[in-house]
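First the structure, in the form of structure tokens, and then the observations on it.
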Amino acid sequence: MKTTPFRASFAATVISAVIALAVPASAQQQRAMPASQPATTPAAAPVAPSAAAPAAIAVPAPPASEAASTDAGRALKSTAPVMKELSPWAMFMSADIIVKAVMIGLAFASLVTWTIFIAKSIELMLAQSRLRSALKRIADARSLAEAQFALGAKAGILPSFLAAALREARASAGISSDAGIKERAASSFAEIARAESRRIRIGMGVLATIGATSPFVGLFGTVWGIMNSFIGISKSQTTNLAVVAPGIAEALLATAIGLVAAIPAVIIYNHFARMTKGYLELVSRASGAAARLLSRDLDRSHGSVHHSRAAAE
């Protein structure tokens, strides 16, 4: 029949178009498969594209490893914790209540240290200047009465020595033993010097306590803060530095404040120990000056008695 060749040619044209469309799809699947896995689809013979059905252009897909790494990076950026502000005030505000109490106590101890430093410096300078001035005033005095008149009604350690010497001289009137009077006066001078030493050392015990205990108090706050940091690490199940660093920094801040409180306290204590020693040496000089005036008065009184007796005879 005449229609048979037409049908045969039409069927061949349809089969060639189907093959042309199927070949690019199989090529894309082979490119997407890993290099280590062989392709199982047999390669089809290249067929010239037909004018009626043009071949589709295949776009190569990105490798699976690159896509996975990109997705992992995006997930890590989205889940990474925001770094806290590590300024001292921010660390103090975010610290545990125990660590905060330690920091506040150490800051108060540092304030006490500097307050004692200012107050004792003024007190010691004034006391030394007053005592030096008093010793200069009585340098030319010949008796206890003249020394008291030179000093006037001012209060101080040297007027106390002079008053104690006069009291003992009056209480021992009629006693001929000068050694006993001087011994009793020296005992009174020693009591006055010990009282002045205790007075001038007020506050130094506090400095010694702060200097000795502040590092250990700060260390206690550090240990407590690091313990809480490790507990937080176990709860979050991560050792990321952004998670661990803020807690450890807050804990170490307690040790830093402890050293800030302890180091000045130790230095100031040693400074006051030297100043106090110098002042007590001036007190000893004042005691010796009062003792010498008392001895002169005793010798003068005995000399006048001998002169009166000789005149009577």
Side-chain angles (χ1 to χ4, degrees), residues 110-173 178-212 263-303:
S110 180
L111 178 63
V112 170
T113 297
W114 290 107
T115 303
I116 292 174
F117 171 71
I118 296 172
K120 295 298 291 184
S121 297
I122 296 173
E123 181 185 6
L124 281 169
M125 287 189 295
L126 291 177
Q128 286 181 348
S129 63
R130 288 173 181 171
L131 188 51
R132 286 195 180 98
S133 177
L135 288 172
K136 289 180 181 179
R137 289 182 181 179
I138 68 167
D140 297 331
R142 300 179 58 188
S143 64
L144 293 174
E146 289 183 6
Q148 281 189 329
F149 180 77
L151 293 177
K154 294 181 180 179
I157 185 68
L158 185 54
S160 300
F161 286 141
L162 297 177
L166 281 173
R167 284 196 303 268
E168 184 60 34
R170 291 169 183 172
S172 302
D178 293 344
I181 297 174
K182 293 177 182 178
E183 183 179 354
R184 289 187 292 272
S187 177
S188 300
F189 293 164
E191 291 179 0
I192 295 172
R194 284 194 296 268
E196 183 67 12
S197 176
R198 288 192 299 268
R199 186 191 69 82
I200 207 65
R201 292 179 184 274
I202 293 175
M204 294 184 64
V206 177
L207 291 177
T209 302
I210 292 173
I263 294 173
V266 174
I267 295 174
I268 292 171
Y269 176 83
N270 293 331
H271 171 68
F272 282 151
R274 292 189 295 270
M275 290 187 67
T276 303
K277 184 178 180 181
Y279 175 71
L280 292 178
E281 289 178 356
L282 288 177
V283 171
S284 179
R285 286 177 54 190
S287 174
R292 287 191 296 271
L293 291 174
L294 175 61
S295 178
R296 289 173 187 169
D297 285 351
L298 291 176
D299 291 343
R300 190 176 293 113
S301 63
H302 288 301

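Here the structure is a predicted model, which means the values were calculated and not measured.
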If you compare all heavy atoms of [X] against all heavy atoms of [Y], which two are closest, and at what distance to 0.1 Å?
X: F272; Y: F117; answer: CZ-O, 3.4 Å
X: L144; Y: A290; answer: CD2-O, 3.9 Å
X: P159; Y: L151; answer: CG-CD1, 3.9 Å
X: S143; Y: D297; answer: CB-OD1, 3.1 Å
X: L135; Y: L282; answer: CD1-O, 4.3 Å
X: L294; Y: A165; answer: CD1-O, 3.9 Å

Task: Beyond-backbone contact of R201 with L280, side-chain heavy atoms, under 4.5 angstrom - done: yes
How about [X]: does its [atom1] atom have over 12 heavy atoms from other parts shown lying under 6.0 Å from it?
X: R285; atom1: CZ; answer: no
X: R130; atom1: CZ; answer: no
X: Y279; atom1: OH; answer: yes
X: Q128; atom1: CD; answer: yes

- [ ] Could you label the plane-to-plane angle of the F161 and F189 rings as parallel, tilted or perpendicular, counting under 30° as parallel and over 60° as perpendicular?
- [x] perpendicular
Task: Partners passing side chain to side chain donor-acceptor pair (under 3.5 Å) against S295 (at least two apart in sequence or in another chain) - done: K182
Task: Which residues share a side chain to side chain donor-acceptor pair (under 3.5 Å) with T209, sequence neighbours left out - done: none
Got a second to check how far [X]'s [atom1] is from [Y]'s [atom2], nearest 0.5 Å?
X: I138; Y: L158; atom1: CD1; atom2: CG; answer: 4.0 Å
X: N270; Y: M204; atom1: CG; atom2: CE; answer: 8.5 Å
X: T113; Y: I263; atom1: OG1; atom2: CD1; answer: 12.0 Å
X: I181; Y: E183; atom1: CD1; atom2: CD; answer: 11.5 Å
X: L124; Y: R274; atom1: CG; atom2: CZ; answer: 12.5 Å
X: T276; Y: E196; atom1: OG1; atom2: CD; answer: 10.5 Å

Task: Polar side-chain atom of S129 near backbone of M125 as donor-acceptor pair, under 3.5 Å - done: yes
TODO: Check whether any side-chain N or O of S287 sits under 3.5 Å from a backbone N or O of V283 as a donor-acceptor pair, and report yes or no.
DONE: no
- [ ] Would you please test L293 and Q148 for side-chain contact (heavy atoms from CB on, under 4.5 Å) and show each step?
- [x] CA-CA 11 Å; L293 291 174; Q148 281 189 329; over 6 Å; no
TODO: Go through the structure and list residues passing salt bridge (charged side-chain N to carboxylate O under 4.0 Å, His left out) with K120, not counting sequence neighbours.
DONE: E123
